[in-house]
Amino acid sequence: MFAPEEWPMMSPEELTRSIEELCHSKAREFAVLGYDNVTGQEIWQCVSSRYKNGFPALHRIVNDILSLKPTQYMDWAMVKAMKGE
């Protein structure tokens, strides 16, 4: 196991790609649950809409994506639709 100071550093491009993959994975999970039209980009928009004061630590971003529930996503989508966005 790596000690924190030995963790491999990721470039911004690698970090972005990893977060995108995680969001696409979550969208596939939603599709299995019957939410077929949800995209990885929409997952990211939903999760990142919570970050009004800048982005939090990476572990929180990952946790927010992995713990996103379909009901939370649908609430966000409904508010977005009602605002006409």
Side-chain angles (χ1 to χ4, degrees):
M1 186 124 174
F2 290 112
E5 61 274 359
E6 296 172 350
W7 288 351
M9 298 301 291
M10 297 176 78
S11 70
E13 295 81 19
E14 291 172 318
L15 185 59
T16 299
R17 188 171 37 252
S18 294
I19 291 173
E20 286 175 353
E21 289 174 14
L22 192 59
C23 289
H24 289 298
S25 175
K26 191 63 167 184
R28 287 190 299 272
E29 178 186 323
F30 277 24
V32 169
L33 297 172
Y35 298 90
D36 298 327
N37 297 324
V38 179
T39 66
Q41 183 177 7
E42 291 171 325
I43 295 290
W44 175 245
Q45 290 173 349
C46 176
V47 170
S48 65
S49 69
R50 303 176 191 175
Y51 308 143
K52 303 294 183 200
N53 298 322
F55 289 98
L58 179 59
H59 69 274
R60 175 158 175 227
I61 294 171
V62 170
N63 182 64
D64 289 348
I65 294 168
L66 292 177
S67 65
L68 182 66
K69 305 283 187 267
T71 53
Q72 293 170 309
Y73 170 81
M74 293 305 290
D75 289 345
W76 170 83
M78 182 65 71
V79 169
K80 184 177 170 188
M82 291 176 79
K83 288 182 177 179
E85 296 177 7

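Side chains are part of it too, since the values below use all heavy atoms of this structure and drop only hydrogens, waters and symmetry mates.
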Can you check whether Glu21's main-chain N or O pairs, donor with acceptor, with Ser25's side chain at less than 3.5 Å?
->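 Here the side-chain-to-backbone pair does not exist.
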Common cluster, Met78/Val47, ILVMFWY with side-chain heavy-atom separation under 4.5 Å =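 Shared cluster, no.
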If Ile, Leu, Val, Met, Phe, Trp and Tyr residues are connected whenever their side-chain heavy atoms lie under 4.5 Å apart, and connections chain through other members, are Val32 and Val38 in the same group?
-> no
Minimum side-chain heavy-atom gap Tyr35-Met74 below 4.5 Å =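 Tyr35 reaches Met74 side chain to side chain.
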What pairs of donor and acceptor atoms, side-chain ones from residues 49-58 against any protein atom, are under 3.5 angstrom apart with sequence neighbours left out?
{"unit_1": "Ser49", "atom_1": "OG", "unit_2": "Cys46", "atom_2": "O", "d": "2.6"}
{"unit_1": "Tyr51", "atom_1": "OH", "unit_2": "Asp64", "atom_2": "OD2", "d": "2.6"}
{"unit_1": "Lys52", "atom_1": "NZ", "unit_2": "Ser49", "atom_2": "O", "d": "3.1"}

Distance in Å, [X] [atom1] paired with [Y] [atom2], rounded so as to fall on 0.5 Å steps:
X	Y	atom1	atom2	result
Glu42	Tyr73	CD	OH	3.5 Å
Glu29	Leu68	CD	CG	9.0 Å
Ile43	Glu20	CD1	CD	13.5 Å

Would you say Glu14 has more than 12 foreign heavy atoms packed within less than 6.0 Å of its CD?
->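 Check passes, neighbour count above 12.
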In short, Gly40 meets Cys23 closest at the heavy-atom pair O-CB, 3.4 Å
